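Order of the sequence lines fixes the chain letters, A, B, ..., with proteins taken first and strands second; residue numbering starts at 1 for each chain. Because the structure is a prediction, the values reported are computed rather than measured.
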Amino acid sequence: MKAIPFLSVTGVGVVHSTGGKDSIEIVKDMPWPHASPAFSEPADKVRPDIARLAAYLPAKKLRRVPFYARMALLAAFDALQQAGLPHEAMESRMALVLGTAFSCVQMNMNFMDSIIDNGPQLSSPTAFSHAVNNVGTGLLSLLLGIHGPCFTVSQFELSFAGALTTATALLSSQRADVVLLGVVDEVDSRFSACCPQLFRDGLPLTEGAAFFCLKCETPGLPRLRTLWGADADRGISVFLSGTACSQNGTDHEPQWGHGPMTHALDVVHALAAIHRGETAAVDCLCRSTCGGRGVVVQARSAL
Amino acid sequence: MDVVVTGMACLCAAGTNPHAALRGLENARKHLTSSQHLDKQALPYPFFSIGEALFPGRRRHSAWDTYCLAHEVVTQALSMAQLPLWAQREASVVFGTTAGSALHFLASYRANRTLTANADTSGTVKECNDATAGGDIEDYFSSNLALQLVPDACGQRLTITDACTSGADAVGIAADLIATGQCFCAICGGADALSLVPHTGFARLMISSDTPCRPFDRNRNGLNLGEGAAALVLEDAAFAKRRNAPVLGRILGFGSASDAYHITAPHPEGRGLRDAIALALAQAAISQEDIAFVNAHGTATRENDRVEGQVLHALLPHTPVWGSKGGTGHTLGAAGALEAVLALAALHSGFVPATQGFVTPDPEIGFAPTREVQPVTRPYALSTSLGFGGGNAALVLGLAR
């Protein structure tokens, strides 16, 4: 009875703390699986380079926009540019879905600091307004001029899978012609210091954003779909993330670090491999620490 | 869209089931509770408390509190729907929240923020002092609503965190999953319990009132936060019919649109809300004359009520508008789902309650919401939600045909 459709990918943009894979165009030039730069510092000491954002938006529009949202903006602009979508097209029939495990961590910590240091009566309203879970979605909607549905999905490692499911619902129900789907998460030493749950032995945390322009399945374009509670197909490449890393397949976290956006990075990597003709199908399996639930995102070559 | 409701439940200050809450709205303002009951440090803005009995053991001031409320309403709604076990295993879970997904573990953070995390030789923060593993942090990582509710269900899982439209969006997205054939049954809703962090945040945004709130009133001066949860079991109509499930109502239309105007203020002409209402009515394929009443977002803040009131007055000039937050408080991520359940209960009961707290019409808005109980004479209701970030949602709900 269930019929989960594929969605076609028209553009991808990536910003993350391994320092440089800005888009699928760059990823495709790397060997597969590529060798990421060696990590020498935790991600919150070497943050992603987002200088190119200045080419998309004037500095005055970025005032008070936290780094968290700036990473998302750059990846979103890259994805839109690769999809060939002019800025003017965003007002019509475009939706935004953002997956984020922890939202804007720095602003959350700033707000709690302000309560502790100054007391509730002098705590920072600005920090609170930027600590709300959907602040990234709100800022992207505002700065990109998206008037369609704008949703945020927050479920740790499965935030990308949840966002992709939401995008599927939006496109299948014809609420939008294009969905700008993204994941973004950031690292903050205050957060990391009190949450051992964030870590995997020996791996640094990764931060950044990955965005995808999606539309209903269209011939000639690579495809994605999400299957909840399914196992990876036998006989094809399987990329693993979350607590699924101990299963049979390829674990890329030693390359790009540990964190909630690794599922999306696996999918970018899978699409790059398909783009280069190295494979026609990759299953990206992620399993959540909370509840142990597993999701497969199937990346497939064009019809 | 042919999506029916076969189970529903709610918890709020006005009552612990839909019909009790509907009847309890009139006297619910007695549940407006001093913020000191929430936290000794809290600023003096009262809130609509749900009481302590719903938190097994004790209130933990963590994501666990929200999970407890969500678990309770899901259990009640599933009991009402009487889904076969195999169908429950196939179900999707779509739940909205704000506090339930936010980094609000203030107690542990306060206790441990001065400790320096250990770093291993590669610079990776590897282990924390045992004392940092606080209960509220553990709760945060183990209480994600969609990932934890209804453990045996294998369908899609979505925790929607769209601020004050989360609950309405969760219901709308769940209905879309069914309507597009991606599942035939979904358990959806919203939940939020309060703690010092969100209570302080709203107070510092200067939108909380230190008196009982007055939705749409000329002298309104802000919202009262509230705690609550609501759950609905949605099914594909054909599936529900095959199993002879009692149908409580229908989700006929959902509209969602963004203002893209300001991060905390609504668009001055309510652009996104107008679009959301138009989309929901178009999907429902009904005319505005068929709408019995609107359950408005009506937070009692100056801007929300002005913008929302003007939009409703322009689009539905002859339709009664009911603001339920005068008896429930603003339940944040639960609000849209709670108000959908209350709207369905009102359609069933055949009456629309009065808007608690409203006294004086605001000429800038141009209409008065319900001042007394009114009979329901039409089969459909509209429920609207506006949220931080510029989100707007509208649901059209109806009785079973």
Pick whichever of [options] has the most heavy-atom pairs under 4.5 Å with chain B.
| options | answer |
| --- | --- |
| A:Ser129, A:Ser103, A:Gly229, A:Ala95 | A:Ser129 |
| A:Leu227, A:Asp117, A:Thr126 | A:Asp117 |
| A:Gly291, A:Gly138, A:Cys290, A:Gly162 | A:Cys290 |
| A:Pro120, A:Ala169, A:Ala163 | A:Pro120 |

Chain B contact via [X] - which portion, at a heavy-atom distance below 4.5 Å:
| X | answer |
| --- | --- |
| A:Phe102 | both |
| A:Val295 | neither |
| A:Ala101 | backbone |
| A:Leu158 | side chain |

Tell me which of these, [options], has more heavy-atom pairs under 4.5 Å with chain A than the rest.
| options | value |
| --- | --- |
| B:Asp162, B:Thr200, B:Leu145 | B:Asp162 |
| B:Thr264, B:Leu147, B:Thr180 | B:Leu147 |
| B:Gly155, B:Gly391, B:Cys183, B:Gly390 | B:Gly155 |

Looking at [X] and [Y], what are the two nearest heavy atoms and their distance?
| X | Y | value |
| --- | --- | --- |
| A:Cys194 | B:Tyr109 | SG-CD1, 4.2 Å |
| B:Phe105 | A:Cys195 | CZ-SG, 4.1 Å |
| A:Ile4 | B:Gln156 | CD1-NE2, 3.5 Å |
| A:Ser123 | B:Arg204 | O-NE, 2.7 Å |
| A:His147 | B:Ala260 | CE1-CB, 3.7 Å |

| query | Parallel under 30°, tilted from 30 to 60°, perpendicular over 60°: which one fits the rings of A:Phe156 and B:Tyr140? | reply |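 If you compare the ring of A:Phe156 with that of B:Tyr140, the planes turn out perpendicular.
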Would you check if the side chain of [X] reaches a backbone N or O of [Y] as a donor-acceptor pair within less than 3.5 Å?
| X | Y | result |
| --- | --- | --- |
| A:Gln155 | B:Arg157 | yes |
| A:Arg293 | B:Pro151 | yes |
| A:Arg175 | B:Leu279 | no |
| B:Ser258 | A:Pro149 | no |
| A:Asn134 | B:Thr161 | no |

Contact between [X] and [Y] at the side-chain level, heavy atoms closer than 4.5 Å - yes or no?
| X | Y | value |
| --- | --- | --- |
| B:Phe141 | A:Thr289 | no |
| B:Glu138 | A:Gln197 | yes |
| A:Thr165 | B:Ile173 | no |
| B:Thr165 | A:Phe151 | no |
| B:Ile263 | A:Leu139 | yes |

| said: Using side-chain contact (heavy atoms from CB on, under 4.5 Å), reason through A:Ser173 and B:Phe254 one step at a time and then give a plain yes or no. | reply: CA-CA 11 Å; A:Ser173 57; B:Phe254 170 53; over 6 Å; no
Heavy-atom proximity to chain A below 4.5 Å, by part of [X]:
| X | answer |
| --- | --- |
| B:Asn144 | both |
| B:His262 | backbone |
| B:Ala153 | backbone |

| Does one side chain, of A:Ser154 or B:Ser101, offer a donor that lies under 3.5 Å from an acceptor on the other? |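 No - no donor-acceptor pair under 3.5 Å links their side chains.
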| message | Nearest 0.5 angstrom please: A:Ser172 OG to B:Leu177 CG, how far? | response |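 Answer rounded to 0.5 Å: 9.0 Å.
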| message | I need the B:Leu106 CG to A:Ile116 CD1 distance, nearest 0.5 Å. | response |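 These two atoms lie 5.0 Å from each other.
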| said: Assess the residue pair A:Thr152 and B:Ile160 against the criterion (side-chain contact (heavy atoms from CB on, under 4.5 Å)); give the C-alpha distance rounded to whole Å, side-chain angles, the decisive distance to 0.1 Å, and a yes or no. | reply: CA-CA 6 Å; A:Thr152 308; B:Ile160 305 297; over 6 Å; no
